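Step one of this worksheet: look at the structure below.
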Amino acid sequence: MSKPSSLSGPLKPGAMIGILGGGQLGRMLALAAARLGLKTHIYSDETESCAFLVASATTRGAYDDEAALEKFAAACDVVTFEFENVPEKTAHFLSSYVPVAPNSRALAVAQDRFVEKSFVAALGIATAPFRDVASEADARAAFRALGGPAILKTRRLGYDGKGQQKVGNEEDAARAYASLSGAPCILEKFVDFAFEASIVAARGRDGAFAAYDPPKNEHENHILRRSTVPAPLSAASFRDAVAIARHIAEALDYVGVLGVELFIGRNGEIIVNEIAPRVHNSGHWTIEACAVSQFEQHIRAVAGWPLGDPSRHCDAVMENIIGEEVDDWLEFAQTPGGLHIYGKRVARPGRKMGHITRLSSK
Ligand code: AMP
């Protein structure tokens with residue numbers, strides 16, 4: 001079986017979009033695709049995947065099961081993904097059978113914090129000062145070079161604050177490295193930012209680019225609690241943030257929606273924290289506050305359709321519903337706002353179970 005690696009034209013309604021990953025992002029992508037008359041096939045290694053519940057087809061398989069992946073590819077017209085820790089090898093393998101968007105390079109860059117920060121810095125975009133750390137001696141030297149406080153992070157597989165420790169001196173840095181059992185790390189200087197924001201933007205197959213208004217993002221216990229639009233950004237910072245996202249998307253020849261997480265300094269300066277090569281939690285408000293949500297936009301981009309209008313018709317506050325908070329679903333249902341419950345059976349602490357978006361006039 002052999003398929004071209006790029007689409008020959010826009011997918012027609014009825015076509016099948018494969019999605020690697022079965023979480024809430026895959027679920028909301030599947031719902032958006034359905035609205036456009038497109039079908040989705042979710043591939044996940046989980047037994048219970050909340051995206052399985054809303055898709056046209058599902059495969060439960062490991063990300064290195066080549067026979068299952070080949071069968072999945074044969075059933076799809078294009079393949080995308082909803083989490084950035086899909087092994088790059090999986091995306092690369094699939095791309096010899098079916099167009100994959102975003103490309104596997106975007107995945108590779110975003111999966112390794114050292115590669116990611118080096119890539120962003122090489123584009124002339126500001127990041128926190130950082131150093132590669134592969135030993136306790138490196139951790140000490142990096143701390144001496146950067147000064148404190150600093151944060152030691154594993155290069156790979158960290159999310160929602162997992163695999164990171166704030167360190168205040170050289171010994172702390174060495175101890176933190178030792179506690180991560182030798183996993184390759186980076187040490188980053190701690191940024192004393194005014195607030196966190198993000199840009200959620202899309203690039204189409206034709207190179208068209210569309211950015212949503214950046215939200216201000218507040219975290220609790222390292223998990224996104226709330227995104228508020230508009231963020232208190234000056235017009236100049238707003239333009240800079242959009243230009244940064246566009247620069248990154250173009251440099252990666254990116255197709256689809258990406259999230260760029262930002263620290264906003266006290267004088268409005270912008271520092272890139274990380275790139276998410278997928279739809280992003282801080283863009284969920286676009287479902288209610290924009291004509292075309294980030295999910296529809298991603299589907300449009302990967303299907304070769306024209307991008308939609310990202311403009312915002314009202315102000316919005318999106319709050320995540322985390323862990324057992326979902327037990328209050330009836331209370332949430334009684335308050336104004338767009339309510340989304342992801343249908344996950346077990347409400348583990350810290351697990352994103354749903355979200356609610358409250359709107360107000362602009
Ligand atoms: P990350 O996993 O890199 O997205 O980091 C999770 C959160 O930790 C961020 O959203 C920030 O709140 C905080 N954080 C990460 N890196 C830094 C840094 N260099 N300086 C200050 N805070 C940071």
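We count ligands from 1, going down the list as the structure has it; atoms in each ligand are counted the same way. Everything quoted here is computed from the prediction, not taken from an experiment.
At least one N or O atom of V191, backbone or side chain, sits closer than 3.5 Å to an N or O atom of ligand 1.
Using a 4.0 Å cut-off between charged nitrogen and carboxylate oxygen, D192 and R266 count as a salt-bridge pair.
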What's the verdict on side-chain hydrogen bond (donor to acceptor under 3.5 Å, both in side chains) for E261 and H280, showing C-alpha distance, side-chain angles and the deciding distance?
CA-CA 10 Å; E261 298 178 12; H280 195 258; 2.8 Å; yes
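Here the rule is side-chain contact (heavy atoms from CB on, under 4.5 Å) with V78, and of L38, I17, V255, I19 only I17 fits it. Partner of F263 under the ring-ring contact (aromatic ring centres under 6.0 Å, His included) criterion, out of F195, F193, F190: F193 alone.
The distance from ligand 1 to the heavy atoms of R113 drops below 4.0 Å at these ligand atoms: 1 (P), 2 (O), 3 (O). Short contacts between ligand 1 and E261, defined as distances under 4.0 Å to a heavy atom of the residue, involve ligand atoms 4 (O). Residue-ligand proximity, H219 to ligand 1, at heavy-atom distances under 4.0 Å covers atoms 10 (O).
Considering each of E196, E218, K153, the one bringing a non-hydrogen atom nearest atom 10 (O) of ligand 1 is E196. When F263, F190, F193 are ranked by how near their heavy atoms come to atom 14 (N) of ligand 1, first place goes to F263.
With hydrogens and angles ignored, the 3.5 Å screen pairs no side-chain donor or acceptor of Q164 with any backbone N or O of K153.
Heavy atoms of N273 found under 4.0 angstrom from ligand 1 belong exclusively to the side chain. Residue contacts with ligand 1 for N217 are absent, since no atom lies close enough (heavy atoms, distance under 4.0 Å).
Here the straight-line distance linking atom CG of D112 with atom CG of D132 works out to 8.0 Å at 0.5 Å rounding.
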